[in-house]
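For reference, the structure discussed in these notes is given below.
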Amino acid sequence: MGALAFKITAHSGQARRGELLTRRGLVDTPAFMPVGTLATVKSLLPEDVAGLGAQIILGNTYHLLLRPGTKRVAALGGLHRFMGWPGPILTDSGGFQVFSLAARRQISEEGVSFRSHIDGRALSLTPEEAVLAQEQLGSDIMMMLDECPPAGASRDYIENALCRDSRWAARALKARSFDAGALFGIVQGGTYPDLRALSAEKLKLLDLDGYAIGGLSVGEPKEVMMEVLSRTIPLLPQDKPIYLMGVGEPADLVACSGLGVDMFDCVLPTRMARNGTLLTARGRLNIRNQRYADDESPIEDGCGCLACRSFSRAYLRHLFMSRELLAYRLNTMHNLYYILTLMAGLRTAIEHNQYDAFSRDFFNKLQAEE
RNA sequence: GGUGAGGUUCCCGAGCGGCCAAAGGGAGCAGACUGUAAAUCUGCCGUCGACGACUUCGGAGGUUCGAAUCCUCCCCUCACCA
């Protein structure tokens with residue numbers, strides 16, 4: 001208590017407009033959290049990130065544990081000071097790396113042992129150590145260590161994992177210091193509604209500050225994801241923030257907000273930016289494409305981001321083709337601006353009880369011919 | 001003027017009698033990317049009526065069942081000597 005307060009200020013259908021009050025400031029929800037895995041949102045300055053409209057960012061325990069070390073970050077004054085971001089930070093626990101680095105790790109009741117992807121050295125992460133590392137970082141919202149099973153995992157496997165997750169959640173809570181940040185639990189259960197319910201039941205017994213939904217958008221069809229989500233959200237405490245982990249395609253943000261999700265994070269806008277794909281209301285635009293070589297128009301007419309205000313598609317294409325560093329920065333600014341502006345629009349719509357109209361308009365534009 | 005090395009598909013560059021439309025880079029073209037091992041990865045990249053055919057390896061001839069690969073002459077580069 002005290003680490004986090006959440007207040008819902010408006011509803012529009014299932015969609016919720018809320019205010020998440022962390023110990024380092026307010027976050028308006030539904031919120032999108034840009035990912036800054038290694039203590040930086042790649043290519044941007046903290047003031048850029050804030051200027052684009054982000055109120056909270058995500059950092060990563062696993063990566064920072066390996067380099068430069070969470071103990072070192074603590075000695076240097078914590079992650080906020082280290083990276084120059086004074087606002088709220090949510091830290092992932094390393095749970096996703098249990099999934100993405102599956103080939104280099106082993107899971108036991110005690111925890112996870114990894115082979116570092118940098119130098120191959122062995123390291124272990126228990127639920128307690130994950131909390132400790134996040135406390136060393138000075139995290140405002142810590143995530144419990146969990147296992148995120150792949151889409152193809154068997155029912156037995158998923159059930160076994162989620163039961164262990166709930167034990168890990170209890171251990172994480174017990175390990176947390178009294179003055180530490182908030183701690184979220186993570187609901188798993190793959191695409192099985194009853195397993196999702198089981199996971200939610202177990203986690204609800206614990207005094208967690210928020211509930212994340214993990215193990216989605218890991219390869220399952222989109223309709224399945226929406227179906228699972230719509231059946232899982234009602235099972236969670238409605239007075240706590242609900243966080244859909246790893247989801248961030250514009251269409252998903254709109255659709256999932258409509259189901260009641262309050263928080264999102266995703267590498268998609270920043271990674272795509274660095275790979276030359278730009279987000280627009282009409283869909284994706286690959287700036288590498290030949291047809292933009294002589295195009296004097298901005299990425300998107302009417303977009304208020306720095307890249308669109310100042311530069312043409314032709315120039316941005318040139319920068320990207322030349323691998324100029326400015327390309328990554330401008331592309332990232334555009335994509336994050338697009339996403340964060342979309343979230344702001346969504347919040348306003350919910351406040352005015354116009355979620356449906358907003359959503360309809362969004363999908364109509366997306367469908368429209370170029 | 002002499003001697004030596006060499007001219008390969010957009011570029012660089014392997015190949016040195018058949019398994020070569022020709023390795024490997026680069027460039028180019030297109031696609032993917034959802035709690036970041038990602039400024040990454042994948043595919044295409046001579047032409048066509050395209051599981052086959054046709055035209056290519058400085059030029060022209062020749063040897064051979066068969067040549068980018070061997071021989072002759074010519075053209076052009078580069079290095080060194082005059």
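Side chains are part of it too, since the values below use all heavy atoms of this structure and drop only hydrogens, waters and symmetry mates. Chain A is the first sequence line, chain B the second, and so forth, proteins listed ahead of strands; every chain is numbered from 1.
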For this session: Have a look at A:G215 and say if it touches a base, only the backbone sugar-phosphate, or nothing, with a 4.0 Å heavy-atom cut-off.
Result: base
Exercise. Mapping A:Y243 and A:F320 to their closest nucleotides on RNA chain B, which lands nearer the 5' end?
Worked result: A:Y243
For this session: Report the base-pairing partner of B:C10 (Watson-Crick or G-U wobble, both distances below 3.5 angstrom), or none.
Result: B:G26
Exercise. If you look at every strand shown and take non-hydrogen atoms under 4.0 Å, does A:Q188 touch a base, only sugar-phosphate, or nothing?
Worked result: base
For this session: Check every strand shown and say whether A:L38 touches a base, only sugar-phosphate, or nothing at a heavy-atom separation below 4.0 Å.
Result: nothing
Exercise. Under a 3.5 Å cut-off for both distances, is B:C19 Watson-Crick or wobble paired, and to whom?
Worked result: none
Exercise. Which part of the nucleic acid, if any, lies within contact of A:Q290, taking any heavy atom under 4.0 Å across all strands shown: a base, the sugar-phosphate backbone alone, or nothing?
Worked result: sugar-phosphate
For this session: Can you tell me, in whole Å, how much space there is between the C1' of B:U64 and that of B:G18?
Result: 11 Å
Exercise. Heavy atoms under 4.0 Å, any strand shown: does A:S43 hit a base, just sugar-phosphate, or nothing?
Worked result: nothing
Problem set entry | Of the listed nucleotides B:G31, B:A39, B:U36, the one nearest the side chain of A:D92 | B:U36
Exercise. When you measure from the side chain of A:D252, which nucleotide among B:A32, B:G35, B:U34 comes out closest?
Worked result: B:U34
Exercise. From the list B:A39, B:A37, B:A30, which nucleotide is the closest neighbour of the side chain of A:N289?
Worked result: B:A30
For this session: Check every strand shown and say whether A:R317 touches a base, only sugar-phosphate, or nothing at a heavy-atom separation below 4.0 Å.
Result: sugar-phosphate
Exercise. With a 4.0 Å cut-off on heavy atoms, is A:D265 in touch with a base, just the backbone sugar-phosphate, or nothing at all?
Worked result: sugar-phosphate
For this session: Using a 4.0 Å heavy-atom cut-off across all strands, classify A:N331 as base, sugar-phosphate, or nothing.
Result: nothing
Exercise. For A:F114, is the NZ or CZ atom of A:R104 found under 6.0 angstrom from the centre of its six-membered ring and inside 45 degrees of the ring axis?
Worked result: no
Problem set entry | G-U wobble or Watson-Crick pairing nucleotide for B:A67 (cut-off 3.5 Å, both distances) | none
Exercise. Say you pick atom C1' in B:G7 and the same atom in B:A14; how far apart are they, in whole Å?
Worked result: 15 Å
Exercise. Are A:T29 and A:E19 close enough that some pair of their side-chain heavy atoms sits under 4.5 Å apart?
Worked result: no
Exercise. How far, in whole Å, is B:U72 from B:A79 if one measures between their P atoms?
Worked result: 26 Å
Exercise. Can you tell me the Watson-Crick or wobble partner of B:U55, both distances under 3.5 angstrom?
Worked result: none
For this session: With a 3.5 angstrom cut-off on both distances, give the Watson-Crick or G-U wobble partner of B:G31, or none if there isn't one.
Result: B:C41
For this session: For B:A67 versus B:U55, give the span between their C1' atoms, rounded off to a whole number of Å.
Result: 16 Å
Exercise. A:F362 and A:I339: same hydrophobic cluster, using ILVMFWY side-chain contacts below 4.5 Å?
Worked result: yes
Exercise. Within the structure shown, what part of the strands sits under 4.0 Å from A:M33 by heavy-atom distance: base, sugar-phosphate, or nothing?
Worked result: nothing
Problem set entry | P gap between B:C71 and B:A21, integer Å | 23 Å
For this session: Taking the six-membered ring for Trp and the full ring for Phe, Tyr or His, determine whether the centres of A:Y355 and A:F358 are under 6.0 Å apart.
Result: no
